[in-house]
Amino acid sequence: MLEKKATDYEKAVLIGVINKDQNETKVAEYLDELEFLTFTAGGEVIHRFTQRMDIPNPKTLIGSGKMEEVEQYVKQNDIGSVIFDDELSPAQQRNIEKQLRCKIIDRTSLILDIFAQRAQTSYARTQVELAQYEYLLPRLTGLWTHLERQKGGIGMRGPGETEIETDRRIVRDRISLLKKKLTKIDRQMETQRGNRGALVRVALVGYTNVGKSTLMNVVSKSDVFAENKLFATLDTTVRKVVIGNLPFLLSDTVGFIRKLPTQLVESFKSTLDEVREADLLLHVVDISHPNFEEHIASVNKILDEIKSADKKTIMVFNKIDQYKAEIIEEDDLVTERTQAHFTLADWKKTWFNKIGDRALFISALNKENLDDFRKRVYDEVRDIHVTRFPYNNFLYPEHLDQY
Ligand SMILES: Nc1nc2c(ncn2[C@@H]2O[C@H](COP(=O)(O)OP(=O)(O)OP(=O)(O)O)[C@@H](O)[C@H]2O)c(=O)[nH]1
Ligand SMILES: [Mg+2]
């Protein structure tokens, strides 16, 4: 396939708001992520605007002066989309669109757009389409209607090659149809999962792009699509894995993200059931990412939403090959020991203190520490297995040291 030329990318600007909950540094990090999302959706970020505002403007989120600045910039630079990190109310979206006269996209619709592009199976497509329409319905009046000729691109794509429908009545009908379709698929999936027998079920969970699929491929010798873009995986893959002589099921599923749209969490119910019904979670973390602790918090929040926060969990800190701390001199008493200055050894100590042997440090890419990983997973799975099959555990002797 041909590489996308730079000119194929739609020009976009980003807008972030600095307030008491998110300082300038945080907003810069959030916008980094938003830029990565935009790139994944096929956009190129030309400029970023930020504004300090403790109370958001109910009409346009940002203030009227800033709006004028953005308006000028959009006109002069042929900008296709203005992307907000914060969720816009339907009214805000309408007002902003009226003034800027280009596509107005917020974090939620950008994520939905990526999901739509990435959905492969008819099941994933149905789930995404439902989430998109649930998001769109309250926003349909006046949605880009004067941009008829400019339609298409980011924010306008439905699953597959189709464009999303913008007729209210059709959208309503479509929503009820999709819901019926999903209920049917949900039932089928439930039966399928029921047929898998009583094998122990382990689920990989984690923020998007942390290396879940890479780890899945290494451990199960399978071939799940892994890529340095966000949301490479949308469906759930389940593989039977054997460590030592112990078989179990390992699943890889959709990655999480800060402020994952609720519409998606709801419509991806069945995909997430794999996590909900797992006996053990492997929470994969990209320790080389400056924001990894916040990623952990976002993942835990979603686990809580899907009632899986109390499950047995092993924290798998991945990408140790890529981890770099800023080097600080021994006698440097001036530099604050901030997060960026921790060495990997410091982090290990911290996490070992917090959760003891439930923390693991690996590189899925370079296959570092995988024996340790296998042993730990083996031990956990065996414990669950033995409880489940109390009369059958002669198969798994205590002294097994070959994994
Ligand atoms: N340096 C380094 N890169 C890694 C490691 N593991 C995975 N990656 C890279 O990280 C990127 C994302 O990997 P994936 O396996 O697709 O991540 P994922 O968690 O499945 O992502 P989603 O499916 O998008 O949620 C790819 O470019 C991988 O090659 C690692 O241990 N070290
Ligand atoms: Mg993946």
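Positions are given from 1, in the same order as the sequence printed here.
- A salt bridge does not link Lys375 with Asp371: every distance from a Lys NZ or Arg NE/NH1/NH2 to an Asp or Glu carboxylate oxygen is 4.0 Å or more.
- Residue pairs that meet the salt bridge (charged side-chain N to carboxylate O under 4.0 Å, His left out) test with at least one member in residues 49-64, sequence neighbours left out, are Glu24-Arg52.
- Checking side-chain atoms of Gln93 against main-chain N and O of Ile104 turns up a donor-acceptor pair under 3.5 Å.
- Panel note: side chain Asn366, backbone Glu368; no donor-acceptor pair is recorded below 3.5 Å.
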Below 3.5 Å, can you tabulate the donor-acceptor pairs from side chains in residues 303-311 to any protein atom, sequence neighbours excluded?
residue : atom : partner : partner atom : Å
Ser308  : OG   : Ile306  : O            : 3.1
Lys311  : NZ   : Arg276  : O            : 2.7
Lys311  : NZ   : Ala278  : O            : 2.9

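- When each of Ile384, Asp383, Asp379, Val377 is tested with Val381 by the rule side chain to side chain contact (heavy atoms under 4.5 Å, CB included), just one qualifies, namely Val377.
- Side-chain atoms of Ser109 and Asp106 form a donor-acceptor pair, as typed in the model, at a separation below 3.5 Å.
- Taking OG1 of Thr60 as the reference point, atom CZ of Phe84 lies at 7.5 Å (rounded to 0.5 Å).
- Arg107 places a side-chain N or O within donor-acceptor distance of the main-chain N or O of Arg258, the cut-off being under 3.5 Å.
- Looking at heavy atoms from C-beta onward, Thr313 lies out of side-chain contact with Arg358 at the 4.5 angstrom threshold.
- Annotation: the span from Leu360 atom CG to Phe373 atom CZ amounts to 7.5 Å, rounded to 0.5 Å.
- Salt bridge present: Lys26 and Glu29 bring a charged side-chain N and a carboxylate O closer than 4.0 Å.
- With no hydrogens or angles considered, a side-chain donor-acceptor pair links Thr343 and Asp346 at under 3.5 Å.
- For residues 193-214, the pairs satisfying ring pair (Phe, Tyr, Trp, His ring centres under 6.0 Å) are Tyr207-His295, with sequence neighbours left out.
- Between Trp351 and Phe317, a ring centre-to-centre spacing shorter than 6.0 Å is recorded.
- In this structure, the side chains of Asp286 and Asn209 stay at 4.5 Å or more apart for every pair of heavy atoms.
- Each of Gln22, Glu35, Lys259 was evaluated against Tyr30; a single residue qualifies, Gln22, per the side chain to side chain contact (heavy atoms under 4.5 Å, CB included) test.
- A donor-acceptor pair under 3.5 Å is formed between the side chain of Gln51 and the backbone N or O of Gly63.
- Counting heavy-atom neighbours within 6.0 Å of Lys240 NZ, excluding the residue itself, gives a total of 12 or less.
- Checking side-chain atoms of Asn318 against main-chain N and O of Val284 turns up no donor-acceptor pair under 3.5 Å.
- Partner of Asp279 under the salt bridge (Lys or Arg N to Asp or Glu O under 4.0 Å) criterion, chosen from Arg201, Arg388, Arg382: Arg388.
- Salt bridge Asp186/Lys179: absent, no basic N to carboxylate O contact under 4.0 Å.
- Rounded to the nearest 0.5 angstrom, Glu97 CD and Arg139 CZ are separated by 12.5 Å.
- Within the 4.5 Å cutoff, side-chain heavy atoms of Ile15 are placed close to those of Val70.
- With hydrogens and angles ignored, the 3.5 Å screen pairs no side-chain donor or acceptor of Asn77 with any backbone N or O of Ile79.
- Separating the OH atom in Tyr323 from the CZ atom in Phe292 is a distance of 6.5 Å, to the nearest 0.5 Å.
- Under 4.0 Å is where a charged nitrogen must lie from a carboxylate oxygen, and between Lys66 and Glu69 at least one such pair does.
- Looking only at side-chain heavy atoms (C-beta outward), Leu280 and Val200 stay at 4.5 Å or farther from each other.
- Looking at heavy atoms from C-beta onward, Gln322 lies out of side-chain contact with Leu365 at the 4.5 angstrom threshold.
- Salt bridge Glu71/Arg101: absent, no basic N to carboxylate O contact under 4.0 Å.
- When side chains are defined from C-beta on, Leu282 counts as touching Leu250, because their heavy atoms get closer than 4.5 Å.
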